[in-house]
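Notes follow the structure.
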Amino acid sequence: QVQLDESGGGLVQAGGSLRLSCAASGRTFSGYAMGWFRQAPGKERELVIATTWSGGSTYYADSVKGRFTVSRDNAKNTVYLQMNSLKPEDTAVYYCATKMGTAYSTNPSRYNYWGQGTQVTVSS
């Protein structure tokens, strides 16, 4: 059974940083793409960053370029989302998700497995 567990959310002031973790279990994820999505109240779920579990090219949404970065610990099957220079508009529930195949998609329905989400709140 595939399981994705996010952690690391919280409350931070504008300009601060947080690091989210997504720990995956249940299978080997080589050949899978993964994405970090976020959903703010009243808004659609949007793709923030997409990459593969094994490395390679990474997609960054324009809204987070230069502020967010992704890294991975393959030994732990964990991907990290480092968020710097946070803004109030970054406030959302953040989800990690994974899909078969290495091509990322901005469409949430393309992803096969989802974590439970972690709340990030940025105060002004």
Side-chain angles (χ1 to χ4, degrees):
Q1 181 72 14
V2 172
Q3 187 168 341
L4 302 178
D5 291 314
E6 301 108 335
S7 60
L11 173 64
V12 64
Q13 289 188 332
S17 299
L18 283 174
R19 190 178 79 157
L20 306 184
S21 301
C22 175
S25 61
R27 66 156 297 124
T28 301
F29 290 94
S30 61
Y32 274 56
M34 72 85 58
W36 282 100
F37 287 79
R38 66 185 181 187
Q39 187 166 20
K43 295 189 176 181
E44 294 186 351
R45 193 167 294 190
E46 63 169 343
L47 180 66
V48 175
I49 285 179
T51 185
T52 60
W53 290 95
S54 56
S57 62
T58 300
Y59 161 87
Y60 291 91
D62 288 343
S63 58
V64 305
K65 281 181 181 176
R67 302 189 298 122
F68 290 12
T69 56
V70 67
S71 61
R72 58 188 60 77
D73 184 334
N74 291 333
K76 295 182 178 180
N77 239 13
T78 299
V79 175
Y80 303 97
L81 178 63
Q82 179 66 45
M83 304 186 295
N84 299 327
S85 302
L86 283 162
K87 305 175 181 179
E89 50 264 43
D90 295 318
T91 295
V93 177
Y94 284 71
Y95 300 89
C96 67
T98 191
K99 63 178 288 292
M100 293 177 283
T102 56
Y104 76 85
S105 173
T106 58
N107 185 345
S109 68
R110 301 292 187 183
Y111 290 75
N112 306 104
Y113 305 102
W114 290 83
Q116 77 284 0
T118 185
Q119 177 70 46
V120 171
T121 302
V122 184
S123 62
S124 57

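Applying the 6.0 Å contact sphere to CZ of R110 captures no more than 12 heavy atoms from other residues, nucleotides or ligands.
Annotation for P108 and R45: closest pair CG-O, 4.0 Å, computed over non-hydrogen atoms. Nearest heavy-atom pair across E6 and C96 is OE2-N, 2.7 Å. Heavy-atom minimum distance, L4 versus Q116: O-OE1, 3.5 Å. Residues S85 and S17 come closest through the heavy atom pair N-OG, 4.3 Å. The two residues I49 and L47 make their nearest non-hydrogen contact at O-CD1, 3.4 Å. For the pair A50 and Y111, the tightest heavy-atom approach, listed with the atom from each and the gap, is CB-OH, 4.4 Å.
Annotation: cation-pi geometry satisfied between R19 and Y80 (NZ/CZ under 6.0 angstrom from ring centroid, within 45° of ring axis).
A distance-only check finds no donor-acceptor pair linking the side chain of T28 to the backbone of S30 [under 3.5 Å]. A donor-acceptor pair under 3.5 Å is formed between the side chain of T91 and the backbone N or O of V122. A donor-acceptor pair is defined here as one N or O able to donate and one able to accept, closer than 3.5 Å; no such pair exists between the side chain of T102 and the backbone of Y32.
Under the 30°/60° scheme for interplanar angles, the aromatic rings of Y95 and W114 are found to stand perpendicular.
Note on Y104: it does not cluster hydrophobically with V48, by side-chain heavy-atom contacts below 4.5 Å among ILVMFWY residues. Taken together through direct or relayed side-chain contacts under 4.5 Å among Ile, Leu, Val, Met, Phe, Trp and Tyr, W36 and F29 form part of one hydrophobic cluster.
Partner of M83 under the side-chain contact (heavy atoms from CB on, under 4.5 Å) criterion, out of V64, V12, D90, L18: L18 alone.
In summary, the side chains of S105 and N107 do not present any donor paired with an acceptor at a separation below 3.5 Å, with no hydrogens or angles considered.
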